[in-house]
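The structure under discussion appears below in the form of structure tokens.
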There are 2 protein chains.
Amino acid sequence: MSNPIDPAYDQSVSAIHNRLFFRMFQVGVTLERRSTKEIGITSVQWSVLGALSRPKVVEGMLFSDLAEYLGVSRQNLDAVLKRLERDDQVKRVADTVDRRAKRVVLTPTGREFWNNIQPKIYEFYRQSMEEFRFDDKVAFVHYLNRVRDGMEKVDLSKVGSPSDL
Amino acid sequence: MSNPIDPAYDQSVSAIHNRLFFRMFQVGVTLERRSTKEIGITSVQWSVLGALSRPKVVEGMLFSDLAEYLGVSRQNLDAVLKRLERDDQVKRVADTVDRRAKRVVLTPTGREFWNNIQPKIYEFYRQSMEEFRFDDKVAFVHYLNRVRDGMEKVDLSKVGSPSDL
DNA sequence: TATTGTTATACTCTATAACTATA
DNA sequence: TATAGTTATAGAGTATAACAATA
């Protein structure tokens with residue numbers, strides 16, 4: 001994709017990359033700050049409750065599947081779940097098949113809480129996306145998927161200090 | 001934009017919104033996790049150094065301007081800067097005009113560190129964006145700007161609990 | 001009186017290593 | 001031996017309120 005005979009092209013690519021990643025950072029920070037403020041829970045908690053509230057997981061999710069789904073480590077998910085358990089939003093139950101495994105499920109309190117904040121979430125989304133047409137939303141989702149996959153695959157083990165280049 | 005006589009349309013909008021915000025969350029988490037691992041600094045530190053390394057701010061940035069530029073609170077920027085000062089990457093100097101104000105500048109160590117990690121950052125960006133054409137990158141930046149502006153403007157003060165609706 | 005930056009405090013999230021119980 | 005989950009610990013980021021110095 002790059003054009004080795006046009007240094008100006010490389011410069012404009014670098015410039016757009018800088019802007020792009022700075023904006024991704026800002027969107028992450030803003031999402032965290034605004035959702036915590038307006039909805040009342042952190043974005044990690046919100047994504048856990050959202051994952052567990054889906055119709056297809058009424059019986060809960062395996063701890064390890066949930067960690068992978070959210071993209072967080074087992075240890076950190078454990079910490080997040082401890083706080084949600086303290087607030088009686090989720091609970092862990094032993095899996096009947098694999099006795100090592102645990103299933104994470106919403107408590108009735110957690111489900112009620114989730115239902116109660118739906119109007120706020122709906123409005124948060126609606127107001128945030130007011131300037132998007134439907135097609136733009138679809139394209140945006142694809143871009144987000146693509147860059148996430150891209151970042152997961154990054155391997156810099158062959159990139160050393162500048163003197164190596 | 002919404003169509004009040006077609007509930008199926010509203011459902012598909014809700015579905016895409018759910019997907020969209022979950023993906024934004026995942027991209028934020030992934031950016032934080034992967035950049036910390038591969039580059040060696042957190043995304044907040046990286047954005048501070050990036051902001052201060054721009055040619056137009058060789059004389060540093062006002063503390064308050066930096067906080068606004070990054071979208072973080074003054075108190076939290078203070079904490080981030082304390083860690084960067086501890087590592088001798090930035091320093092705060094009194095402003096000559098307004099004696100209340102401080103300018104934040106890169107130290108020589110900080111500038112050298114920033115220059116040294118450029119190859120890694122360049123490669124991180126390049127590998128992450130491998131599947132994007134130039135035009136898609138431009139469109140993606142615009143989407144990110146738009147949703148950030150949208151989230152900043154959200155006001156849920158008129159949205160109560162479900163019983164109010 | 002308002003603004004700039006700082007301090008204090010508490011909470012949340014994250015990374016890493018070591019551990020247990022079970023497979 | 002490998003996997004699922006947990007514990008322990010340290011560090012980093014964030015929200016809120018209160019404060020001093022200067023405008």
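Order of the sequence lines fixes the chain letters, A, B, ..., with proteins taken first and strands second; residue numbering starts at 1 for each chain. The analysis underlying the following values was restricted to heavy atoms, covering all of them including side chains, and did not include hydrogens, waters or symmetry mates.
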What nucleotide, of [options], holds the atom closest to the side chain of [X]?
| X | options | answer |
| --- | --- | --- |
| B:Ser64 | C:dG5, D:dA23, D:dG13 | C:dG5 |
| B:Arg100 | D:dT14, C:dT3, C:dT14 | C:dT3 |
| B:Gln75 | C:dA18, D:dT16, C:dT4 | D:dT16 |
| A:Thr42 | C:dT4, C:dT16, C:dT12 | C:dT12 |
| A:Arg99 | C:dT14, C:dA23, C:dT6 | C:dA23 |
| B:Arg83 | C:dT12, D:dG13, C:dT16 | D:dG13 |
| A:Val29 | D:dG13, C:dT22, D:dT14 | D:dT14 |

Under 4.0 Å, counting only non-hydrogen atoms across every strand here, what does [X] touch: a base, just sugar-phosphate, or nothing?
| X | answer |
| --- | --- |
| B:Arg92 | sugar-phosphate |
| B:Ala79 | base |
| B:Arg74 | base |
| B:Asp98 | sugar-phosphate |
| A:Glu32 | nothing |
| A:Arg103 | nothing |

With a 4.0 Å limit, can you tell me whether [X] has a side-chain N or O closer than that to the phosphate oxygens OP1/OP2 of [N]?
| X | N | answer |
| --- | --- | --- |
| B:Lys37 | C:dT14 | no |
| A:Lys102 | D:dT6 | yes |
| B:Lys82 | C:dT6 | no |

> Taking atom C1' of C:dC11 as reference, at what distance in whole Å does atom CG of A:Leu84 sit?
Replying inline: 14 Å
> Where do B:Thr109 and B:Asp88 come nearest, in terms of heavy atoms and distance?
Replying inline: OG1-OD2, 3.0 Å
> For B:Ser47 and A:Phe22, which heavy atoms make the closest approach, and how far apart are they?
Replying inline: CB-CE1, 4.0 Å
>> Return whichever of B:Arg33 or B:Asp78 has its heavy-atom-nearest nucleotide of DNA chain C closer to the 5' end.
In response: B:Asp78
>> Does this structure show an ion pair linking A:Arg126 with A:Glu123, if we count only N-O contacts that are shorter than 4.0 Å?
In response: yes
> Is a salt bridge present between B:Glu59 and B:Arg103, judged by a nitrogen-to-oxygen distance below 4.0 Å?
Replying inline: no
> Which of these passes side chain to side chain donor-acceptor pair (under 3.5 Å) with A:Asn145: B:Arg19, B:Arg23, B:Gln26, B:Glu131?
Replying inline: B:Arg23
